[in-house]
Amino acid sequence: MIILAIETSCDDTCISIIKSKNKGIKFEILSNVISSQVKLHAKYGGVYPSLAKREHQKNLPIALKKAEKIAGVLRFDLIAVTAGPGLEPCLWTGVNFAKELADKLKLPIIPVNHIEAHMLANWLLPINKNPKNIFPAICLVVSGGHTCLILMRNIGKYKLIGETRDDAAGECFDKAARVLGLGYPGGPVIAEQARRWKSKIPSPDGQIRLPRPMINQKNYDFSFSGLKTAILYDFQNHSSSTRNAQKYIREMCFETQQAIIDVLIKKTIKAAKDFNAKTVILGGGVTANNELRKQFKSQIKNSKLKIQFLVPPKIFCTDNAAMVGVAAFFRQQRNKSLKILQAITVNANLKI
Ligand code: KG4
Ligand code: ZN
């Protein structure tokens, strides 16, 4: 089955063409086009929805042509599109584009939940897909809009066990970068500054100590707005010469990143223990973070739990349409009666 997938929930215009093989045991990515709007939104320090919508409208036909050319195919069996959660005007642009295309090509459309797509990005990996080896799994989805822990009993069988009560982890990276004057998106720049601080000073024991919100609470929820405020207060409490110095910026980035990592890892491993998980699955833009990936791997190893650890290659952690195609494939497999869904609508607050 060849799937044409569309993703426009935030600021990346993505089109991918994937081919499923052996009932989803393997997926071949024929093309994966990502047209980033980062430079445009950087001026505003975050995504500006009406601007993002206009860019999606402009970029979608170009991305489609490019994806078809790279893949070398023009015939598809299915169209997949993200229907939520995300920025409503952006979601509508993708869904309307999918509808027009489906009309023209006489194809069914499968609407996809963006959070499920981030989880299923791991099915693009050449792993053993036998459900007995994977489930139950604990999934951590961390991006600019979401921070959630999900108990996964099978593909399609999800239970949200915890989520952020305020800001998402990616949002915290982005807002910290804004305070520090580092630009948008915050995650990659904070990671880079943090790496430099650590490598320049032999001992990474600095002066700045940020809170690890809710780290010892028994639930699986998160909260990052207090961390963001702590960063702002620390910044404001220093003279402009101190806070603009390289040392302060690098140390603050290191501590911000580590505070977020500590909370995410502790809560995820706790959930994995409590639910006897066989696998920990990561997804979402924040999981592209090198330190997070490295520390997760080593802490799972140190926990002596027999847990498989899955994280997608970085290009499939941040928004992409290949993961949307995978989610649509499994949705179609679960419900063969999902045929022509021209009446699909979007839901900016869609839950898992
Ligand atoms: O999944 P994604 O591309 O879009 C949403 O669904 O929101 O995630 C974007 C988020 C941004 O907040 C960005 O700062 C963060 O992922 N991010 C990172 C890294 N790369 C992207 N955060 C930490 N470290 C990174 N290397
Ligand atoms: Zn995302």
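Both ligands and their constituent atoms are indexed starting at 1 by order of listing. In this chain, residues are counted from 1 in sequence order. These values consider heavy atoms only, across backbone and side chains, with no hydrogens, waters or symmetry-generated copies.
Both Phe330 and Ile281 are members of a single hydrophobic cluster when ILVMFWY side chains are connected at heavy-atom separations under 4.5 Å. Ile70 and Leu101 fall into different hydrophobic clusters, where Ile, Leu, Val, Met, Phe, Trp and Tyr are joined by side-chain heavy atoms under 4.5 Å apart, directly or via other members.
Nearest protein heavy-atom neighbour of atom 24 (N) of ligand 1: Asn289 ND2, 3.0 Å. Looking at atom 22 (N) of ligand 1, its nearest protein heavy atom turns out to be Gly187 CA, 3.2 Å. Shortest contact from atom 9 (C) of ligand 1 to any protein heavy atom: Gly144 N, 3.7 Å. In this structure, the protein non-hydrogen atom closest to atom 11 (C) of ligand 1 is Asp174 OD2, 3.6 Å.
In this structure a side-chain-to-backbone donor-acceptor pair under 3.5 Å is present from His56 to Cys10.
Here Glu55 pairs with Lys58 in a salt bridge; the nearest charged N to carboxylate O distance falls below 4.0 Å. Using a cut-off of 4.0 Å between Lys/Arg side-chain N and Asp/Glu carboxylate O, Asp262 and Lys266 are scored as not salt-bridged. Using a cut-off of 4.0 Å between Lys/Arg side-chain N and Asp/Glu carboxylate O, Lys104 and Glu100 are scored as not salt-bridged.
Short contacts between ligand 1 and Gly145, defined as distances under 4.0 Å to a heavy atom of the residue, involve ligand atoms 7 (O). Annotation for ligand 1: atoms under 4.0 Å from non-hydrogen atoms of Thr318 are 3 (O). Close approach of ligand 1 to Gly186 is summarised as follows: ligand atoms under 4.0 Å from at least one heavy atom of the residue are 14 (O). Using a 4.0 Å cut-off to heavy atoms of His114, the atoms of ligand 1 that qualify are 6 (O). Interface of His118 with ligand 1, defined as ligand atoms under 4.0 Å from a residue heavy atom, comprises 1 (O), 6 (O). Every atom of ligand 1 with a heavy atom of Pro185 under 4.0 Å away is listed here by number and element: 14 (O). Near Gly285, the atoms of ligand 1 lying under 4.0 angstrom from a non-hydrogen atom of the residue are 1 (O), 2 (P), 8 (O), 16 (O), 17 (N), 18 (C), 19 (C), 20 (N), 21 (C). Residue-ligand proximity, Phe173 to ligand 1, at heavy-atom distances under 4.0 Å covers atoms 22 (N), 23 (C).
Judged purely by distance below 3.5 Å, without hydrogens or angles, the side chains of Asp167 and Ser225 never pair a donor atom with an acceptor atom.
Backbone and side-chain nitrogen or oxygen atoms of Gly284 are examined, and none is located within less than 3.5 angstrom of a nitrogen or oxygen of ligand 1. For the pair Ala191 and ligand 1, the shortest N or O to N or O distance does not fall below 3.5 Å.
The environment of CZ in Arg178 is sparse: at most 12 heavy-atom neighbours from other residues, nucleotides or ligands sit within 6.0 Å.
Closest non-hydrogen pair, Met119 versus Val141, comes out as CG-CG2, 3.5 Å.
Through ILVMFWY side-chain contacts below 4.5 Å, Val38 is grouped with nothing and stands alone.
Qualifying salt bridge (charged side-chain N to carboxylate O under 4.0 Å, His left out) partners for Lys53, counting only residues two or more places apart in sequence or in other chains: none.
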*Is there a ring pair (Phe, Tyr, Trp, His ring centres under 6.0 Å) between Tyr184 and Tyr48 once you walk through the steps?*
CA-CA 12 Å; Tyr184 172 84; Tyr48 203 75; over 10 Å; no

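Looking only at protein N/O/S atoms, the ones less than 2.8 Å from the Zn ion (ligand 2) make 3 in total.
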Distance-only criterion, 3.5 Å: show the donor-acceptor pairs between side-chain atoms of residues 151-161 and protein atoms not counting sequence neighbours.
{"unit_1": "Tyr158", "atom_1": "OH", "unit_2": "Glu116", "atom_2": "OE2", "d": "2.5"}
{"unit_1": "Tyr158", "atom_1": "OH", "unit_2": "Gly156", "atom_2": "N", "d": "3.0"}

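With a 4.0 Å heavy-atom cut-off, ligand 1 is reached by the backbone of Asp319 and by its side chain too.
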